[in-house]
Colleague: 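I am attaching a structure below and will ask some questions about it afterwards.
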Amino acid sequence: MWEYSCRDTAVDLGSTTVRMHVRGRGVVAREPSVLARSRSSGRILALGSSAQELAGLTDEVSLIEPIRDGAPAEPDETEYLLRHLVRTHHRRRYTARPRMVVAVPSDLTPLQYEAVESAAYQAGARQLELVPTPLAAAAGSGPAGTGADVMIVADIGADITDIGIIAFGGLVSSHMARIGGAALDRAIVAHVRREHEVLLSRAAAEAAKLAVGSVAPRGRQRTRQAMVHGRDLATGLPRPVVLTAAEINRAIAGAIAAMVDAIRIGIGRCSPEISGDLMSSGLTLTGAAARLPGLDRLIGTETGLRTRVGEDAADAAVLGAAEFLRHGVPRGGRFPLRKARDGVSIGVWPTRRCQPLT
(Lines give C-alpha, C1' and ligand atoms only; values in the text may rest on other atoms or scores of the structure.)
Protein backbone atom coordinates (compact mmCIF):
# COMPACT_ATOMS: atom_id res chain seq x y z
CA MET A 1 0.00 0.00 0.00
CA TRP A 2 2.81 2.41 0.82
CA GLU A 3 4.48 1.85 -2.53
CA TYR A 4 1.20 2.47 -4.34
CA SER A 5 0.20 5.59 -2.43
CA CYS A 6 3.59 7.31 -2.05
CA ARG A 7 6.21 7.23 -4.76
CA ASP A 8 9.90 7.15 -3.88
CA THR A 9 11.36 10.65 -3.59
CA ALA A 10 14.89 12.00 -4.01
CA VAL A 11 15.92 15.45 -2.80
CA ASP A 12 18.97 17.64 -3.40
CA LEU A 13 19.15 20.32 -0.72
CA GLY A 14 20.92 23.16 -2.49
CA SER A 15 21.81 26.47 -0.91
CA THR A 16 19.92 28.36 -3.63
CA THR A 17 17.74 25.69 -5.28
CA VAL A 18 15.99 22.63 -3.86
CA ARG A 19 15.40 19.88 -6.41
CA MET A 20 12.97 17.01 -5.96
CA HIS A 21 12.59 13.85 -8.04
CA VAL A 22 9.52 11.60 -7.77
CA ARG A 23 9.66 8.07 -9.17
CA GLY A 24 7.80 7.85 -12.47
CA ARG A 25 7.49 11.62 -12.83
CA GLY A 26 11.08 12.80 -13.05
CA VAL A 27 12.31 16.06 -11.53
CA VAL A 28 9.12 17.74 -10.35
CA ALA A 29 10.55 20.73 -8.45
CA ARG A 30 13.41 23.17 -8.92
CA GLU A 31 12.39 25.75 -6.35
CA PRO A 32 14.58 28.53 -4.92
CA SER A 33 15.35 27.61 -1.32
CA VAL A 34 13.92 30.80 0.19
CA LEU A 35 10.90 31.61 2.34
CA ALA A 36 9.00 34.90 2.68
CA ARG A 37 8.14 35.84 6.25
CA SER A 38 5.97 38.71 7.46
CA ARG A 39 7.96 41.13 9.62
CA SER A 40 4.93 42.01 11.71
CA SER A 41 3.30 38.64 12.38
CA GLY A 42 6.23 36.28 11.78
CA ARG A 43 4.09 34.00 9.56
CA ILE A 44 5.47 32.25 6.48
CA LEU A 45 3.68 33.81 3.50
CA ALA A 46 5.24 32.05 0.51
CA LEU A 47 8.17 29.95 -0.59
CA GLY A 48 10.32 29.48 -3.67
CA SER A 49 9.88 31.80 -6.63
CA SER A 50 6.63 33.16 -5.16
CA ALA A 51 8.57 34.28 -2.09
CA GLN A 52 11.11 36.13 -4.22
CA GLU A 53 8.36 37.95 -6.11
CA LEU A 54 6.55 38.84 -2.90
CA ALA A 55 9.68 40.18 -1.22
CA GLY A 56 10.33 42.43 -4.20
CA LEU A 57 6.95 44.12 -3.86
CA THR A 58 7.01 45.26 -0.24
CA ASP A 59 9.44 45.93 2.58
CA GLU A 60 7.11 44.24 5.06
CA VAL A 61 8.36 40.84 3.89
CA SER A 62 11.78 39.43 4.72
CA LEU A 63 13.49 36.64 2.80
CA ILE A 64 14.86 33.67 4.74
CA GLU A 65 17.50 31.33 3.33
CA PRO A 66 17.15 28.23 5.52
CA ILE A 67 19.85 26.15 3.78
CA ARG A 68 23.49 27.24 3.80
CA ASP A 69 26.46 25.25 2.58
CA GLY A 70 24.11 22.40 1.72
CA ALA A 71 22.90 21.93 5.31
CA PRO A 72 19.91 23.29 7.27
CA ALA A 73 20.89 26.53 8.99
CA GLU A 74 17.28 27.20 10.04
CA PRO A 75 15.84 23.76 10.98
CA ASP A 76 12.20 24.83 11.33
CA GLU A 77 12.15 26.71 8.04
CA THR A 78 13.93 23.84 6.26
CA GLU A 79 11.33 21.41 7.58
CA TYR A 80 8.51 23.70 6.40
CA LEU A 81 10.03 23.98 2.92
CA LEU A 82 10.60 20.24 2.55
CA ARG A 83 7.19 19.30 3.95
CA HIS A 84 5.43 21.69 1.56
CA LEU A 85 7.23 20.23 -1.44
CA VAL A 86 6.48 16.64 -0.40
CA ARG A 87 2.79 17.29 0.18
CA THR A 88 2.40 19.38 -2.97
CA HIS A 89 4.02 16.98 -5.41
CA HIS A 90 2.52 13.85 -3.83
CA ARG A 91 -0.89 15.54 -3.93
CA ARG A 92 -1.62 14.45 -0.34
CA ARG A 93 -1.77 16.75 2.62
CA TYR A 94 -1.27 14.39 5.55
CA THR A 95 -0.71 10.87 4.18
CA ALA A 96 2.43 11.46 2.10
CA ARG A 97 4.99 9.04 3.61
CA PRO A 98 7.52 8.25 0.87
CA ARG A 99 10.86 6.53 0.99
CA MET A 100 13.38 9.33 0.62
CA VAL A 101 17.01 9.75 -0.39
CA VAL A 102 18.69 13.09 0.32
CA ALA A 103 21.99 14.13 -1.28
CA VAL A 104 24.14 15.91 1.29
CA PRO A 105 27.69 17.38 1.21
CA SER A 106 30.44 14.92 2.03
CA ASP A 107 31.85 17.01 4.89
CA LEU A 108 28.81 17.51 7.10
CA THR A 109 29.21 17.54 10.87
CA PRO A 110 27.19 15.11 13.04
CA LEU A 111 24.99 18.00 14.14
CA GLN A 112 24.23 18.88 10.52
CA TYR A 113 23.44 15.23 9.75
CA GLU A 114 20.94 15.22 12.60
CA ALA A 115 19.37 18.43 11.28
CA VAL A 116 18.89 16.86 7.82
CA GLU A 117 17.43 13.69 9.33
CA SER A 118 15.04 15.63 11.54
CA ALA A 119 13.81 17.82 8.66
CA ALA A 120 13.25 14.81 6.37
CA TYR A 121 11.38 12.73 8.93
CA GLN A 122 9.24 15.67 10.05
CA ALA A 123 8.44 16.32 6.38
CA GLY A 124 6.97 12.81 6.11
CA ALA A 125 9.75 10.40 5.17
CA ARG A 126 9.11 6.86 6.42
CA GLN A 127 12.57 5.62 5.40
CA LEU A 128 15.59 7.84 4.83
CA GLU A 129 18.97 7.42 3.17
CA LEU A 130 21.69 10.09 3.16
CA VAL A 131 24.00 9.97 0.14
CA PRO A 132 27.19 12.05 -0.25
CA THR A 133 26.79 14.48 -3.10
CA PRO A 134 29.84 13.25 -5.08
CA LEU A 135 28.42 9.71 -5.14
CA ALA A 136 24.99 10.91 -6.15
CA ALA A 137 26.41 13.21 -8.82
CA ALA A 138 28.57 10.38 -10.20
CA ALA A 139 25.50 8.17 -10.50
CA GLY A 140 23.45 10.89 -12.17
CA SER A 141 26.02 12.31 -14.57
CA GLY A 142 26.48 9.25 -16.75
CA PRO A 143 29.59 7.07 -17.08
CA ALA A 144 32.94 8.76 -17.41
CA GLY A 145 34.42 6.34 -19.91
CA THR A 146 35.98 2.92 -20.09
CA GLY A 147 37.79 3.44 -16.78
CA ALA A 148 34.56 3.76 -14.84
CA ASP A 149 35.89 1.81 -11.84
CA VAL A 150 37.89 4.92 -10.89
CA MET A 151 36.63 8.44 -11.42
CA ILE A 152 36.66 11.84 -9.79
CA VAL A 153 33.64 14.12 -9.57
CA ALA A 154 33.57 17.83 -8.71
CA ASP A 155 30.07 19.08 -7.90
CA ILE A 156 30.09 22.89 -8.13
CA GLY A 157 27.06 24.26 -6.36
CA ALA A 158 26.07 27.73 -5.26
CA ASP A 159 28.05 27.87 -2.01
CA ILE A 160 30.29 24.80 -2.00
CA THR A 161 32.43 22.73 -4.35
CA ASP A 162 32.40 19.07 -3.33
CA ILE A 163 35.14 16.90 -4.85
CA GLY A 164 35.05 13.14 -4.44
CA ILE A 165 37.29 10.32 -5.68
CA ILE A 166 35.34 7.15 -6.43
CA ALA A 167 37.30 3.92 -6.78
CA PHE A 168 35.87 0.42 -7.22
CA GLY A 169 32.43 1.44 -6.08
CA GLY A 170 33.29 3.54 -3.04
CA LEU A 171 34.06 7.09 -2.04
CA VAL A 172 37.78 6.87 -1.36
CA SER A 173 38.29 10.49 -0.31
CA SER A 174 36.57 13.83 -0.56
CA HIS A 175 37.29 17.52 -0.17
CA MET A 176 34.74 20.30 0.28
CA ALA A 177 35.54 23.97 -0.28
CA ARG A 178 33.21 26.86 0.44
CA ILE A 179 33.37 28.38 -3.02
CA GLY A 180 30.74 28.12 -5.74
CA GLY A 181 28.59 29.93 -8.25
CA ALA A 182 27.33 32.48 -5.71
CA ALA A 183 30.93 33.67 -5.22
CA LEU A 184 31.03 34.59 -8.92
CA ASP A 185 27.88 36.67 -8.51
CA ARG A 186 29.32 38.46 -5.48
CA ALA A 187 32.50 39.18 -7.41
CA ILE A 188 30.49 40.81 -10.21
CA VAL A 189 28.53 42.90 -7.70
CA ALA A 190 31.77 44.07 -6.06
CA HIS A 191 33.36 44.87 -9.43
CA VAL A 192 30.41 46.97 -10.64
CA ARG A 193 30.28 48.82 -7.32
CA ARG A 194 34.00 49.58 -7.45
CA GLU A 195 34.32 50.47 -11.14
CA HIS A 196 30.91 51.98 -11.96
CA GLU A 197 29.67 53.06 -8.50
CA VAL A 198 26.42 51.19 -9.05
CA LEU A 199 24.91 48.70 -6.63
CA LEU A 200 23.58 45.57 -8.36
CA SER A 201 21.37 42.87 -6.99
CA ARG A 202 22.63 39.29 -6.99
CA ALA A 203 19.91 38.38 -9.47
CA ALA A 204 21.14 41.04 -11.93
CA ALA A 205 24.74 39.88 -11.51
CA GLU A 206 23.72 36.28 -12.15
CA ALA A 207 21.79 37.31 -15.25
CA ALA A 208 24.86 39.09 -16.65
CA LYS A 209 27.04 36.07 -15.85
CA LEU A 210 24.71 33.71 -17.66
CA ALA A 211 24.35 36.06 -20.63
CA VAL A 212 27.98 36.86 -21.47
CA GLY A 213 30.17 35.19 -18.82
CA SER A 214 32.84 32.70 -19.85
CA VAL A 215 36.24 31.39 -18.82
CA ALA A 216 39.41 31.30 -20.92
CA PRO A 217 37.92 32.12 -24.36
CA ARG A 218 39.82 30.71 -27.33
CA GLY A 219 40.68 32.72 -30.44
CA ARG A 220 38.97 35.90 -31.50
CA GLN A 221 35.57 36.35 -29.91
CA ARG A 222 32.75 38.61 -30.95
CA THR A 223 32.28 41.35 -28.38
CA ARG A 224 29.30 40.46 -26.22
CA GLN A 225 27.54 42.84 -23.89
CA ALA A 226 24.80 42.69 -21.29
CA MET A 227 22.82 45.59 -19.87
CA VAL A 228 21.89 45.43 -16.20
CA HIS A 229 20.12 47.92 -13.96
CA GLY A 230 21.17 48.93 -10.48
CA ARG A 231 21.09 51.83 -8.04
CA ASP A 232 23.53 54.70 -8.43
CA LEU A 233 25.43 55.10 -5.16
CA ALA A 234 25.75 58.89 -5.56
CA THR A 235 22.18 59.83 -6.50
CA GLY A 236 20.20 56.80 -5.36
CA LEU A 237 18.41 56.68 -8.71
CA PRO A 238 18.16 53.66 -11.04
CA ARG A 239 20.96 53.52 -13.57
CA PRO A 240 21.74 51.08 -16.39
CA VAL A 241 25.22 49.63 -16.79
CA VAL A 242 26.61 47.87 -19.87
CA LEU A 243 28.97 45.02 -18.99
CA THR A 244 31.17 43.35 -21.57
CA ALA A 245 32.27 39.73 -21.53
CA ALA A 246 35.89 40.73 -20.91
CA GLU A 247 34.87 42.84 -17.92
CA ILE A 248 32.88 40.00 -16.36
CA ASN A 249 35.76 37.59 -16.98
CA ARG A 250 38.11 39.93 -15.10
CA ALA A 251 35.64 40.23 -12.24
CA ILE A 252 35.25 36.49 -11.70
CA ALA A 253 38.90 35.56 -12.31
CA GLY A 254 39.77 35.47 -8.60
CA ALA A 255 36.81 33.27 -7.66
CA ILE A 256 37.53 30.93 -10.58
CA ALA A 257 41.15 30.60 -9.42
CA ALA A 258 39.99 29.67 -5.90
CA MET A 259 37.62 27.08 -7.38
CA VAL A 260 40.40 25.53 -9.46
CA ASP A 261 42.68 25.41 -6.41
CA ALA A 262 40.00 23.55 -4.45
CA ILE A 263 39.65 20.97 -7.23
CA ARG A 264 43.42 20.59 -7.39
CA ILE A 265 43.51 19.89 -3.63
CA GLY A 266 40.77 17.27 -4.00
CA ILE A 267 42.66 15.53 -6.79
CA GLY A 268 45.85 15.64 -4.72
CA ARG A 269 44.25 13.37 -2.13
CA CYS A 270 44.18 10.51 -4.63
CA SER A 271 46.38 7.54 -3.72
CA PRO A 272 49.24 6.61 -6.08
CA GLU A 273 47.63 3.21 -6.77
CA ILE A 274 44.65 4.68 -8.59
CA SER A 275 46.15 7.92 -9.90
CA GLY A 276 46.99 6.30 -13.24
CA ASP A 277 43.38 5.23 -13.79
CA LEU A 278 42.25 8.83 -13.44
CA MET A 279 44.08 9.70 -16.65
CA SER A 280 41.66 7.51 -18.63
CA SER A 281 38.45 8.29 -16.75
CA GLY A 282 39.21 11.98 -16.24
CA LEU A 283 37.32 14.55 -14.21
CA THR A 284 33.55 15.02 -14.33
CA LEU A 285 32.01 18.39 -13.47
CA THR A 286 28.45 18.60 -12.16
CA GLY A 287 26.33 21.27 -10.57
CA ALA A 288 24.72 24.38 -12.04
CA ALA A 289 27.96 26.41 -12.02
CA ALA A 290 29.76 23.71 -14.04
CA ARG A 291 27.96 24.92 -17.17
CA LEU A 292 29.94 28.17 -17.29
CA PRO A 293 31.47 28.21 -20.80
CA GLY A 294 35.16 27.40 -20.83
CA LEU A 295 35.36 26.22 -17.22
CA ASP A 296 35.99 22.61 -18.22
CA ARG A 297 38.83 23.66 -20.55
CA LEU A 298 40.48 25.75 -17.84
CA ILE A 299 40.27 23.00 -15.22
CA GLY A 300 41.57 20.46 -17.72
CA THR A 301 44.55 22.69 -18.48
CA GLU A 302 45.34 23.31 -14.82
CA THR A 303 44.96 19.69 -13.67
CA GLY A 304 46.15 17.80 -16.74
CA LEU A 305 43.07 15.57 -16.66
CA ARG A 306 40.51 15.12 -19.40
CA THR A 307 37.59 17.16 -18.10
CA ARG A 308 33.96 16.92 -19.16
CA VAL A 309 30.66 18.39 -18.02
CA GLY A 310 28.32 15.60 -16.93
CA GLU A 311 24.95 14.88 -18.44
CA ASP A 312 22.20 17.00 -16.83
CA ALA A 313 24.89 18.74 -14.77
CA ALA A 314 22.50 20.86 -12.70
CA ASP A 315 20.24 17.90 -11.83
CA ALA A 316 22.97 15.25 -11.60
CA ALA A 317 22.85 14.91 -7.80
CA VAL A 318 19.08 14.50 -7.55
CA LEU A 319 18.98 12.12 -10.54
CA GLY A 320 21.73 10.02 -8.97
CA ALA A 321 19.92 9.96 -5.63
CA ALA A 322 16.82 8.74 -7.46
CA GLU A 323 18.84 5.85 -8.93
CA PHE A 324 19.53 4.58 -5.43
CA LEU A 325 15.81 4.19 -4.82
CA ARG A 326 15.15 2.82 -8.27
CA HIS A 327 17.63 -0.04 -7.96
CA GLY A 328 17.26 -0.50 -4.23
CA VAL A 329 20.02 0.39 -1.81
CA PRO A 330 21.95 -2.78 -0.98
CA ARG A 331 23.57 -3.28 2.39
CA GLY A 332 26.75 -4.60 0.76
CA GLY A 333 28.47 -4.83 -2.59
CA ARG A 334 27.95 -2.81 -5.74
CA PHE A 335 25.24 -2.32 -8.29
CA PRO A 336 25.20 -0.58 -11.69
CA LEU A 337 23.79 2.90 -12.13
CA ARG A 338 22.70 4.74 -15.29
CA LYS A 339 24.07 2.37 -17.91
CA ALA A 340 25.16 4.01 -21.13
CA ARG A 341 24.58 2.75 -24.63
CA ASP A 342 27.93 1.00 -24.60
CA GLY A 343 27.12 -0.79 -21.36
CA VAL A 344 29.64 1.08 -19.21
CA SER A 345 28.39 1.82 -15.71
CA ILE A 346 29.58 2.75 -12.25
CA GLY A 347 28.75 1.36 -8.85
CA VAL A 348 28.43 2.77 -5.36
CA TRP A 349 28.88 1.51 -1.85
CA PRO A 350 26.08 1.39 0.73
CA THR A 351 24.86 4.71 2.01
CA ARG A 352 23.94 5.77 5.50
CA ARG A 353 20.51 4.56 6.61
CA CYS A 354 18.86 6.71 9.25
CA GLN A 355 16.58 5.49 11.99
CA PRO A 356 13.16 7.17 12.36
CA LEU A 357 12.97 9.77 15.09
CA THR A 358 11.31 8.69 18.31
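Every heavy atom of this structure was used, including side-chain atoms; hydrogens, water molecules and symmetry mates were not.
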Colleague: So, Arg19 and Asp315, do they make that salt bridge, N to O below 4.0 Å?
Modeller: yes
Colleague: Taking CD in Gln112 as the centre, count heavy atoms belonging to other residues, nucleotides or ligands within less than 6.0 Å. Is the count above 12?
Modeller: yes
Colleague: Charged N to carboxylate O below 4.0 Å: is that the case for Arg68 and Glu74?
Modeller: yes
Colleague: Going by an N to O cut-off under 4.0 Å, is there a salt bridge joining Glu77 and Arg37?
Modeller: yes
Colleague: Output yes when a side-chain donor or acceptor of Thr307 lies under 3.5 Å from a complementary backbone atom of Leu305, and no otherwise.
Modeller: yes
Colleague: Between Ser281 (side chain only) and Val150 (backbone N and O only), is there a donor and an acceptor less than 3.5 Å apart?
Modeller: yes
Colleague: With a 3.5 Å distance limit and no angle check, can you tell me whether Ser141 reaches the backbone of Ala316 through a side-chain donor-acceptor pair?
Modeller: no
Colleague: Considering only NZ, NE, NH1 and NH2 on the basic side and carboxylate oxygens on the acidic side, decide whether Arg39 and Asp59 come within less than 4.0 Å.
Modeller: no
Colleague: Using only heavy-atom distances, determine whether the side chains of Thr133 and Asp155 contain a donor-acceptor pair under 3.5 Å.
Modeller: no
Colleague: Does atom CZ of Arg178 have more than 12 heavy-atom neighbours from other groups under 6.0 Å away?
Modeller: no
Colleague: State the CD1-CD1 distance between Ile299 and Ile263, to the nearest 0.5 angstrom.
Modeller: 3.5 Å
Colleague: Can you confirm whether Met227 sits close enough to Val241 that some side-chain heavy atom of one is under 4.5 Å from a side-chain heavy atom of the other?
Modeller: no
Colleague: Measuring from atom CG of Leu85 to atom CD of Glu31, what distance do you get when rounded to the nearest 0.5 angstrom?
Modeller: 6.5 Å
Colleague: Ignoring hydrogens and geometry, is there a side-chain-to-backbone donor-acceptor pair from Thr9 to Met100 under 3.5 Å?
Modeller: no
Colleague: Decide, yes or no, whether a salt bridge links Arg202 with Asp185 under the criterion of side-chain N to carboxylate O below 4.0 Å.
Modeller: no
Colleague: If we ignore hydrogens and angles and just use 3.5 Å, is the side chain of Ser33 paired with the main-chain N or O of Gly14 as donor and acceptor?
Modeller: yes
Colleague: Could you tell me whether a side-chain N or O of Asp232 sits under 3.5 Å from a main-chain N or O of Ala234, the two making a donor and an acceptor?
Modeller: yes
Colleague: Verify side chain to side chain donor-acceptor pair (under 3.5 Å) between Glu247 and His196, making sure each step is shown before the conclusion.
Modeller: CA-CA 12 Å; Glu247 190 174 3; His196 300 277; 2.6 Å; yes
Colleague: Examine distances only and state if a side-chain atom of Thr161 and a backbone atom of Ile179 form a donor-acceptor pair shorter than 3.5 Å.
Modeller: yes
Colleague: Is it true that Asp162 and Ser106 share a donor-acceptor pair across their side chains at a distance under 3.5 Å?
Modeller: yes
Colleague: Quick one: does Arg126's side chain have a donor or acceptor within less than 3.5 Å of a partner on Arg97's backbone?
Modeller: yes
Colleague: Would you indicate whether Gln225, at its atom CD, is surrounded by more than 12 heavy atoms from other residues, nucleotides or ligands within a distance under 6.0 Å?
Modeller: yes
Colleague: Is it true that the side chains of His21 and Glu323 contain a donor and an acceptor less than 3.5 Å apart?
Modeller: no
Colleague: With a 3.5 Å distance limit and no angle check, can you tell me whether Arg7 reaches the backbone of Arg23 through a side-chain donor-acceptor pair?
Modeller: yes
Colleague: Check whether any side-chain N or O of Ser118 sits under 3.5 Å from a backbone N or O of Glu114 as a donor-acceptor pair, and report yes or no.
Modeller: no
